[in-house]
There are 2 protein chains.
Amino acid sequence: MADEPIEIEGDVYALRTDLFQAVREAIAAADAAAIDRLMEPLHAADIADFLEQIEPHERRRLLEIWQGGLDGEILSEIEDSVREEILGYLSPQDLTDAVRELESDDVVDLVEYLDDDQQEAVLDVLEPLDRVAVEKALAYPEESAGRLMQVETVRAPEHWTVGETIDHLRAHSDELPEQFYHVILVDPRMKPVGNVTLGRLMSSRREVRLADIREDLFVTIPATQDEEEVAYAFNQYHLITAPVVDEDGRLVGVITIDDAMIVLAEENAEDLLLLAGVGESTVSDRVVATTRRRFPWLAVNLVTAILASLVISLFEEVIAGLVALAVLMPIVASMGGNAGTQSLTVAVRALATKDLTGSNVLRVIRREVLVGMINGVIFAVVMGVIGLAWFGEPLLGVVIAAAMVINLVIAGLAGTVIPVALDRMGVDPALASGAFVTTVTDVVGFFAFLGLAALVLL
Amino acid sequence: MADEPIEIEGDVYALRTDLFQAVREAIAAADAAAIDRLMEPLHAADIADFLEQIEPHERRRLLEIWQGGLDGEILSEIEDSVREEILGYLSPQDLTDAVRELESDDVVDLVEYLDDDQQEAVLDVLEPLDRVAVEKALAYPEESAGRLMQVETVRAPEHWTVGETIDHLRAHSDELPEQFYHVILVDPRMKPVGNVTLGRLMSSRREVRLADIREDLFVTIPATQDEEEVAYAFNQYHLITAPVVDEDGRLVGVITIDDAMIVLAEENAEDLLLLAGVGESTVSDRVVATTRRRFPWLAVNLVTAILASLVISLFEEVIAGLVALAVLMPIVASMGGNAGTQSLTVAVRALATKDLTGSNVLRVIRREVLVGMINGVIFAVVMGVIGLAWFGEPLLGVVIAAAMVINLVIAGLAGTVIPVALDRMGVDPALASGAFVTTVTDVVGFFAFLGLAALVLL
């Protein structure tokens, strides 16, 4: 995009706020040259962020004026919902120009979640060879290593020397991928057998054999493997690149850490959003899409809230006899919900990082129950005193204290057991744990408090 | 550690469950050789995970038997609380052996959160030169680029040719860092002016000037910059390495993407845990530490729950007149709390990724309010019907429906405005938003429902 190198330095990496005003003025004046000038010093990722943050009608107008400015790199940085919108009105010529300059893995990234028509439109503008590579990648399962990998690899037979390898690289320099950091050693059947870093290659004497300077650690990734596992492996083993193999163990591509880092960030965001009862969701989604995505979680919550209300309704007469119970009962439920969410979040996180396994699950459950009990007793004393002071009824203090201990113990138990059980059943614990755990703490909280009150006070 | 390369392949990267039993048997038999044999094929990161997952007394016994087995790499992979425990009983000789083989940035990582005594003990075993490097890094602020960087850099004057550079690297091959992927071009005053990838260097002819093959993108990082910003830059710009500069712009170190990836994962985990009201916390923390960390959040929640109860107590007479209100009121509060958490999580996430800024905040607030209104109306109708059917009182249905709309609109508003306001005030929105938002939705939920009931039903 820019001919001059882009230099980024400074304390904060963020779009300058005056950029928005300047671009708005250029849009109003339909001044393509001014837009060019404003965008030129920016990295494609920042231009993508800019496009996401402006209003949809501004975005459309900007792209109409700034024809051909939207290159493939920007397009591949833009988030899904906005990208889909843009592809809906991009001229065929602009689309062709944008997509042609991309490497095959970026094209895959661009088209994999498009609907069939849009996907076809993009594939149609590719050169036949590129199209084959893209379609091959699309044949791998969604969110698999096969979709994430680059097809272009830099490899050498394991018996080669440093000198032979460097001569070969020099002779084929125009076929090399833009970024590569290792040479993959392969056996005669194209099975990868080791990695040599370029640093090691470059600093070794020409007659040294590649096999003698390979890395101590060598990780291969099956092409069908889930991308979440790939990100885990990169983070766990500090990999920079890893060869991808087909089911016969033959080299089919390579994944680099920057792609794994993007997956890691996405997976973490997904867990965070799922735990809060939000599916895939970003600030640039439109109102209708957002409403539709939030609705199911709220509907589940309504059901669990009604369940809790049914428990309360069992005790209508008790409440009618002592309205103070209605005043205090949400406290017990709320504390249980909070404590349960604490336990469950730690458990979901630990499951994702494989720190919570069969080997320590009993210890973790024991710990959560103990923590619930200790905090339960402390808050029981506090609430017992408050209940007594507030309503002048000693037994009310005892009831709320006892209910608090019970609910915080149950919270610790449910907050760990439920995500672990969901995980074992193959359900993403981030997805469903929250609703289950708060249902348990609401039901137990109301039942323990009102039930004890019925026994003790009436 | 192992002389043979470690090869990792397979569908799931996880510790084998039978390993735990085998190691327990070896511990019982005090068989150091058996432990060696079991650990030898494992990566240091996996051994660290193993040590975290066994019981504390097993850990201690294992390390007593497996003397010298705990190398520096394993130690630097172990999480803080367990590492602190181990350093408390590791023999001075084992500690010396473990630390000596580490590079300076790993030592920094190892000692930065230790108490003074433990830190001193580790620093004492370092060679004087290494100690100076470590102390220099420790002089940078906590969680800054200066703590994250390696001091060893591979650099070349910008006027050098490819041939000169390769000859220089070969001649100094024993001084090169274990992993490096770029040569940093520096001007005569040691200011970095560009990056050349090793791939480009290796595949270019000897007479080509480095300045002519430098990367299009060049990002420098101030040593005092927050590590969260560093991780953002690596993820945003797909960096592999970036030079770190002091306040005069001179090269002082280099950060590689694997370190940035670890920071990114940590920051994401922190946001997730903070949002759930859990500070730093892992499954290997002990009971007392866990109880102490969860307590403050529960205490805050108790205060907000009591606030909500105070609102309810304003309407004691209304509830005494119609106990159905006590049954239904938690539903309104719970739906508001859920919707508010949805909005707030999206906002916190978008603030962290810089997708929610001054340029689109009004649009996002407008959207959240609209989404709250639409979902509010839908659930109002549902709950109105349920309320009517359940208690046979049409006005009760109207009251709960109206309260639902009000609370879901307020939830959308509070869920966005509160995190944005906290962020502007320099408070981490993940830390404090949750308590504020649920306080608002509880108070508004109870007040709207019971207040409307008082107006309409009595």
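Remember, predicted model here, so these are calculated numbers, not experimental data. In the text below, chain A, chain B and the rest are named by the order of the sequence lines, each starting its count at 1.
Between chain A and the options Val364(B), Asp355(B), Leu370(B), heavy-atom pairs under 4.5 Å are most frequent for Asp355(B). Among Met383(A), Glu368(A), His172(A), the residue with the largest count of heavy-atom pairs under 4.5 Å with chain B is Glu368(A). The most heavy-atom pairs under 4.5 Å with chain A, out of Leu356(B), Asp46(B), Asp174(B), Val382(B), come from Asp46(B). Annotation: maximal heavy-atom pairing with chain A below 4.5 Å, among Asp442(B), Leu325(B), Leu408(B), Val278(B), occurs at Val278(B). Considering only heavy-atom pairs separated by less than 4.5 Å from chain A, the leading option among Ser204(B), Gly337(B), Ala324(B) is Ser204(B). Among Leu310(A), Thr256(A), Leu15(A), the residue with the largest count of heavy-atom pairs under 4.5 Å with chain B is Leu310(A). Ranked by non-hydrogen atom pairs under 4.5 Å with chain A, the options Ala265(B), Ala242(B), Gly358(B) are led by Ala265(B). Of all the listed residues (Thr341(A), Val245(A), Thr345(A)), the one sharing the greatest number of non-hydrogen pairs under 4.5 Å with chain B is Thr345(A). Your options are Trp297(A), Phe315(A), Tyr237(A), and the one with the most heavy-atom pairs under 4.5 Å with chain B is Tyr237(A). Ranked by non-hydrogen atom pairs under 4.5 Å with chain B, the options Ile306(A), Asp258(A), Leu198(A), Thr353(A) are led by Leu198(A). Ranked by heavy-atom pairs under 4.5 Å with chain B, the first of Ala350(A), Ala233(A), Ala320(A) is Ala233(A). Counting heavy-atom pairs closer than 4.5 Å to chain A, the top-ranked of the candidates Asp271(B), Leu239(B), Leu344(B), Asp49(B) is Asp49(B).
Of the atoms belonging to Val346(B), heavy atoms from both backbone and side chain fall under 4.5 Å from chain A. For Ile240(A), the part lying under 4.5 angstrom from a heavy atom of chain B is the side chain only. Contacts of Ser313(A) with chain B are made by both backbone and side-chain atoms, with heavy-atom separations under 4.5 Å. Residue contact with chain B, scored on non-hydrogen atoms closer than 4.5 Å, involves the backbone and the side chain of Ala299(A) alike. With a threshold of 4.5 angstrom between heavy atoms, Gln179(A) approaches chain B through side-chain atoms but not through N, CA, C or O. Interface residue Phe20(A): only side-chain heavy atoms are found under 4.5 Å from chain B. Residue Ile262(B) touches chain A through both its backbone and its side chain, counting heavy-atom pairs closer than 4.5 Å. For a residue to count as touching a neighbouring chain, one of its non-hydrogen atoms must lie under 4.5 Å from one of that chain's; by this rule Leu302(A) touches chain B with backbone and side chain alike. Residue Asp259(A) does not touch chain B at all, counting heavy-atom pairs closer than 4.5 Å. For Ala260(A), the parts lying under 4.5 angstrom from a heavy atom of chain B are both the backbone and the side chain. Residue Thr438(B): no heavy atom, backbone or side chain, is found under 4.5 Å from chain A. Only the side chain of Ile386(A) comes within less than 4.5 Å of a heavy atom in chain B; its backbone stays farther off. Within the 4.5 angstrom heavy-atom criterion, no atom of Glu267(A) approaches chain B. For chain B, the nearby parts of Val287(A) are the backbone and the side chain; heavy atoms of each come within less than 4.5 Å. For chain A, the nearby part of Arg286(B) is the backbone; its heavy atoms alone come within less than 4.5 Å. Contacts of Val154(B) with chain A are absent, with no heavy-atom separation under 4.5 Å from either backbone or side chain. Residue Val348(A) does not touch chain B at all, counting heavy-atom pairs closer than 4.5 Å. With a 4.5 angstrom heavy-atom cutoff, Asp226(A) does not touch chain B via any of its atoms. In this structure, chain B has no heavy atom under 4.5 Å from any part of Thr416(A). With a 4.5 Å cut-off on non-hydrogen atoms, Leu275(B) touches chain A through its side chain but not through its backbone.
Taking the six-membered ring for Trp and thresholds of 30 and 60 degrees, Phe379(A) and Phe295(B) have nearly parallel ring planes, at less than 30 degrees apart.
With sequence neighbours left out, Thr357(A) forms a side-chain contact (heavy atoms from CB on, under 4.5 Å) with Ser359(A), Asn360(A), Gln53(B). Scored by the side-chain contact (heavy atoms from CB on, under 4.5 Å) test, Ala45(B) finds Gln236(A), His43(B), Glu77(B) as partners (sequence neighbours excluded).
Results of the side chain to side chain contact (heavy atoms under 4.5 Å, CB included) test with Phe234(B) over Ile221(B), Leu264(B), Val219(B) single out Ile221(B) as the only residue that passes.
Within 6.0 Å of the CD atom in Glu178(A), the count of heavy atoms belonging to other residues, nucleotides or ligands does not exceed 12.
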Requested in this report: Could you walk me through whether Glu52(A) and Lys354(B) pass the salt bridge (charged side-chain N to carboxylate O under 4.0 Å, His left out) test, one step at a time?
Outcome: CA-CA 11 Å; Glu52(A) 289 164 13; Lys354(B) 302 188 186 183; over 6 Å; no

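Atom OG1 in Thr291(B) sits 4.0 Å away from atom CD1 in Ile374(A) (nearest 0.5 Å). Taken from CD in Gln342(A) to CG in Asn301(B), the straight-line distance is 8.5 Å, to the nearest 0.5 Å. With rounding to the nearest 0.5 Å, the separation of OG1 in Thr304(A) from CG in Asn338(B) is 7.0 Å. Atom CE of Met202(B) is separated from atom OG1 of Thr165(A) by 9.0 Å, given to the nearest 0.5 angstrom.
A donor-acceptor contact shorter than 3.5 Å links the side chain of Arg367(B) to the backbone of Asp285(A).
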